[in-house]
4 protein chains.
Amino acid sequence: MTTNVGILGATGAVGQRLIQLLDPHPEFEITALTASESSAGEDYRDAAKWRIDTPIPDYVAEMEVRATDPTYVPNDVDLLFSSLPSSVGEAVEPKFAEEGYVLSSNSSNFRTDEDVPLTIPEVNADHLDLIEVQRDERGWDGAIVKNPNCSTITMVPPLAALEEAFGLERVDVSTLQAVSGAGYDGVTSMEIIDNAIPHIGGEEEKMETESQKLLGSFDGAAIEWHDVDVSASCNRIPTLDGHLENVWADTSDDVTPAGAAEALREYPSIDLYSSPDQLIRVFEEPDRPQPRLDRNYDNGMGIATGGLKETTHGINFNCLAHNTLRGAAGASILNGELLLESGYI
Amino acid sequence: MTTNVGILGATGAVGQRLIQLLDPHPEFEITALTASESSAGEDYRDAAKWRIDTPIPDYVAEMEVRATDPTYVPNDVDLLFSSLPSSVGEAVEPKFAEEGYVLSSNSSNFRTDEDVPLTIPEVNADHLDLIEVQRDERGWDGAIVKNPNCSTITMVPPLAALEEAFGLERVDVSTLQAVSGAGYDGVTSMEIIDNAIPHIGGEEEKMETESQKLLGSFDGAAIEWHDVDVSASCNRIPTLDGHLENVWADTSDDVTPAGAAEALREYPSIDLYSSPDQLIRVFEEPDRPQPRLDRNYDNGMGIATGGLKETTHGINFNCLAHNTLRGAAGASILNGELLLESGYI
Amino acid sequence: MTTNVGILGATGAVGQRLIQLLDPHPEFEITALTASESSAGEDYRDAAKWRIDTPIPDYVAEMEVRATDPTYVPNDVDLLFSSLPSSVGEAVEPKFAEEGYVLSSNSSNFRTDEDVPLTIPEVNADHLDLIEVQRDERGWDGAIVKNPNCSTITMVPPLAALEEAFGLERVDVSTLQAVSGAGYDGVTSMEIIDNAIPHIGGEEEKMETESQKLLGSFDGAAIEWHDVDVSASCNRIPTLDGHLENVWADTSDDVTPAGAAEALREYPSIDLYSSPDQLIRVFEEPDRPQPRLDRNYDNGMGIATGGLKETTHGINFNCLAHNTLRGAAGASILNGELLLESGYI
Amino acid sequence: MTTNVGILGATGAVGQRLIQLLDPHPEFEITALTASESSAGEDYRDAAKWRIDTPIPDYVAEMEVRATDPTYVPNDVDLLFSSLPSSVGEAVEPKFAEEGYVLSSNSSNFRTDEDVPLTIPEVNADHLDLIEVQRDERGWDGAIVKNPNCSTITMVPPLAALEEAFGLERVDVSTLQAVSGAGYDGVTSMEIIDNAIPHIGGEEEKMETESQKLLGSFDGAAIEWHDVDVSASCNRIPTLDGHLENVWADTSDDVTPAGAAEALREYPSIDLYSSPDQLIRVFEEPDRPQPRLDRNYDNGMGIATGGLKETTHGINFNCLAHNTLRGAAGASILNGELLLESGYI
């Protein structure tokens, strides 16, 4: 028995990755695709400019694209993955939730709302029950669950491991982000060849606030955000996929590189289909992880770390994740698996 | 009246830049070039694989390359620029100093020795008089003066400005460094296309120690190193020239972005030929400085900053400098100008 | 005495290059700028997203941008440079010519019209007098003169030299074109990093037809197109500037690499401000010309060739030119200089 | 029952690809690895700087590397894959053949020798029996079989299809080759970022001569080379993997793009493990094939073509293959499969 799923915003970069990942997924079956009104009625093959290096599954290619409106999505779709632009997501996601649909959304809207679960299943699966609060407050039969931003998701599992073992007080983080994070048309070639751009609009704020919420604790009624002091500096560089980050983590307790490595390696994963056996891999080679060599670890769902170094205040390390897999499409699917496992769908 | 200068290690990447910059220089005239023994006796045109986009000056192309040994360098050369590999520099630079030559060296050896001036003229010109201590201790007629590593030199002028205005306690710095910093053959294309490498051997230590020495104070007898706590995380990215850095500067006094910008802009330059009128430029545009657009500011000798942002502990900002101009060849030439101005040659 | 010039389409990639080149030009003075209606009334600084690595000249930055319509362009503007999108050019360039303006246009519309001069001054300056035919037929006081497409202009001077010396029968040409040829937003980073695209819409046809017209002869009444059989295969590669081309030129007479090199080197330039002393440079090094090293030869207005090799039917060689300088903005300005020299303005 | 195989030159770029492909291969089992003398005795893990994005198989990582000399290779190795530098191959491959080993070699030495089979199994499998001639003449028990150069192998299958259908008279070919073709250290980042190099030493000659031999006919005693007139112009561009080529094929008979597409699509494959079901794929989209999107077609063993266009003399088209898979390691393995199938091992 598989669950019927739909994809809101199926023609974009994350939408295409969702299709690529859902096609062979044993628990989900794609039965509905939506896009902007101008594509409604077209076959997916014509509506999407497919740019992934595996072909469009045949049945998806021939599927009719619908307008992104609850009216046009069949009732037997049990889960909707949303990769809408945030302004669109803000407008239409509540309509779907109101109509009873459960959404696992990658869109950035609502992520820091008090009654919206923002979850990385291996880190804070318990936050999912915030759905009950959400339903009470909004009177919805459906629900909206969010995964974090791709740059946040890369560092939070290691930070969670360090927080648990040593306590976490302050984080300075510098990112080297791939162009795919901005979507297919987000970064022009003239902007980025032989260059780097030390600014990604809104990204630093997302890393700072989403991390506090993810590391926070849920008492059944509300999330108490963690008070870690996060300061992010975000850069775009000429790589295709994979966000690399340099992190300074100031800890409450003393920490050595060996102790930190142990805490990272032993941080537990979760028993869901898309979750890796070992969530966090620690490289001993000082020049790893590297985006091109390490982004596909565990089907792009692993977190790679390395370069652990003691500082006066804690530990400095590097981390890497595939931004459109672990950082976007894969993150939403993993949340979908958690929703299924938890009985919400 | 120009000063006769020689270049030790003239065929490498920095050696070629030295030639490009010295050719039109009003104060210096190239009269001697050295390279490894295997090239000795050849014309420079044949000894060097010239890879700069301006042609080799004719008289340089026809100049005979000598072995890197005091025996072969004429006595009327008053200043030697050294861009030797550090292991070679360690072995031969003292021989030249002993024979009475004054060296302005870009090689990394000796930079943190107690009696070797490590200078950025706009920042710590007064450290140059450490030459007296050096001569006393080593019994040399000549002298060795060093400029810092390219990644250090990019951030130290802004740090000096902040130290002076607000006091400096801690620095976390992440670098996005260009491939030219590793020399022509230092980074292969297969290593870096669609990739980033979070490790540059020895670079982090250089940034941490050299900064403390540069920001230190000289009492006529010794340098008292500054006690700022620097932690660096260095990355190589697919850019050709220009090192971009994200800096967190924790200050003793409160600081606002506006106050920091003022301190940076007003930090004085020095009246030497290669020094820019305004040393530190502050961009208001949040996505600047960028390597390709801003590395050539003021003939590649300016320091560009931007992205100033308040943190709980001080200020976060970006800085950029051209690594083979301000960060290597231009740095050595500027030290040569300071040596001339100070009467040491 | 300088000539007042205006730029139609001043905010785009070629428009910015036109400003950069015209600012220091001794014969021309920028007095009017136009863009799309939505920018009309704004200062140029605000209307354009300036992306060139030299700053906007101050007086240009403060110049008000006008709508691209003859009504808004002052009558004392004697020459208009046009870098409009071709669909816009097709609509509005005739209106300007009708109102008496002389246009030196880089837009692709009308290039192969029978009564429109398509000129590279060093190659077919005599075609300019087609203006008389144009004025007779269209009843214009003004005129429209075109320069060829950037990929055409790179190979035609060498082809003209070979035609003159050996006769030209067939040309197969493969191009490796820089992303700037598509404008700032023309090629996304996700399309081109670690990739090449073997197709540029319309480019192959342009190379095939424009070459025949450029190499044709003008008898005072019409251009007789050259009957050379040109077949082009165009590729986009991850370079910023500079189009490199591999050319097979089948000649009527026997040709050796040495003979071809002599014909190329001796092909005459023209005595105009922007034209190089030697139009075609021939490299002996087998691995030159290269885009990054050689695109700026003679301020980006030279044609670099190399790799001359005998084939059974003629000669195989490589050529290179800077696509936004010699291939676009510089080409239009050179035509403007020719118009001035010829008394048309 | 699997065949024991060894790899000569196992630590290089092609050697690593051989390991990656042979590990899951159902017919072969890696039992010996050789490298230069300096690595002899080390574990493969230490001897090789592994740079492929799948991990080293454990048993290979722990295998001891031997010197490349028949003395050190066990007798029960039935097939040797050779990816030695050509100068080394020239010296040692005959020693192995003399000792009875059968070699499937990717090294460029001996490729055009009269008694050495140069084979692409789908194109000229019958040439393999030249082994008999080789053994007679050289008195070997073993044998040396070669696959062509990576740039040759990309265009020869389409050329063979066109030759068979329409007759082939002349070929002009321009290549856009990936950096991996030069090995890990072959192209530095400073040479190729924002650049292209119109020269690859020896490559053009290889394409011209190897193609004639591959398309030739074998009468049981010798290969009669095809008299097609091939002229190649080779370029290196900033892509990691995948050689793209623009080909002008002049044919004896008239040809249309549709007719050529049919000939390409219907050109038969061969029933060997690594050979694709359909050897040549023809894209209808004008902007395909592209290296990054299409190099992995059929596990990197397919030939992708597109952009078919009629010319006055025949057909112009693009072709693409993965240079280290179909063009090197995979080509050698396919020849190994043919040797096995043909009973030579």
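To find a chain, count down the sequence lines: A is the first, B the second, and so on, and within it residues start at 1.
Residue contact with chain A, scored on non-hydrogen atoms closer than 4.5 Å, is absent for B/D294. Using a 4.5 Å cut-off between heavy atoms, A/L240 touches chain B through backbone and side chain atoms alike. Only the side chain of B/E208 comes within contact range of chain A, with at least one heavy atom under 4.5 Å from a heavy atom of that chain. Using a 4.5 Å cut-off between heavy atoms, B/N235 contacts chain A through its side chain alone, with no backbone atom that close. When heavy atoms are compared at a cutoff of 4.5 Å, B/V179 does not approach chain A at all. When heavy atoms are compared at a cutoff of 4.5 Å, B/L320 does not approach chain A at all. Interface residue B/E191: only backbone heavy atoms are found under 4.5 Å from chain A. Looking at B/R288, the atoms closer than 4.5 Å to chain A (heavy atoms on both sides) all sit in the backbone: N, CA, C or O.
There is no side-chain donor-acceptor pair under 3.5 Å between A/N149 and A/S108. Side-chain contact of A/D229 with B/T312: a donor-acceptor pair under 3.5 Å is present, judged by distance alone. In this model, a donor atom of one side chain and an acceptor atom of the other lie less than 3.5 Å apart for B/S180 and B/D241.
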For residues 153-163 of chain B, which side-chain donor-acceptor pairs fall under 3.5 Å, sequence neighbours excluded?
from   : atom 1 : to     : atom 2 : distance (Å)
B/T154 : OG1    : B/C150 : O      : 2.9
B/E163 : OE1    : B/L168 : N      : 2.9
B/E163 : OE1    : B/H226 : NE2    : 3.0
B/E163 : OE2    : B/H226 : NE2    : 3.4

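Most heavy-atom pairs under 4.5 Å with chain A, from the set B/S174, B/P198, B/A178: that is B/P198.
Residues passing the salt bridge (charged side-chain N to carboxylate O under 4.0 Å, His left out) test with B/D298: none are found, sequence neighbours excluded.
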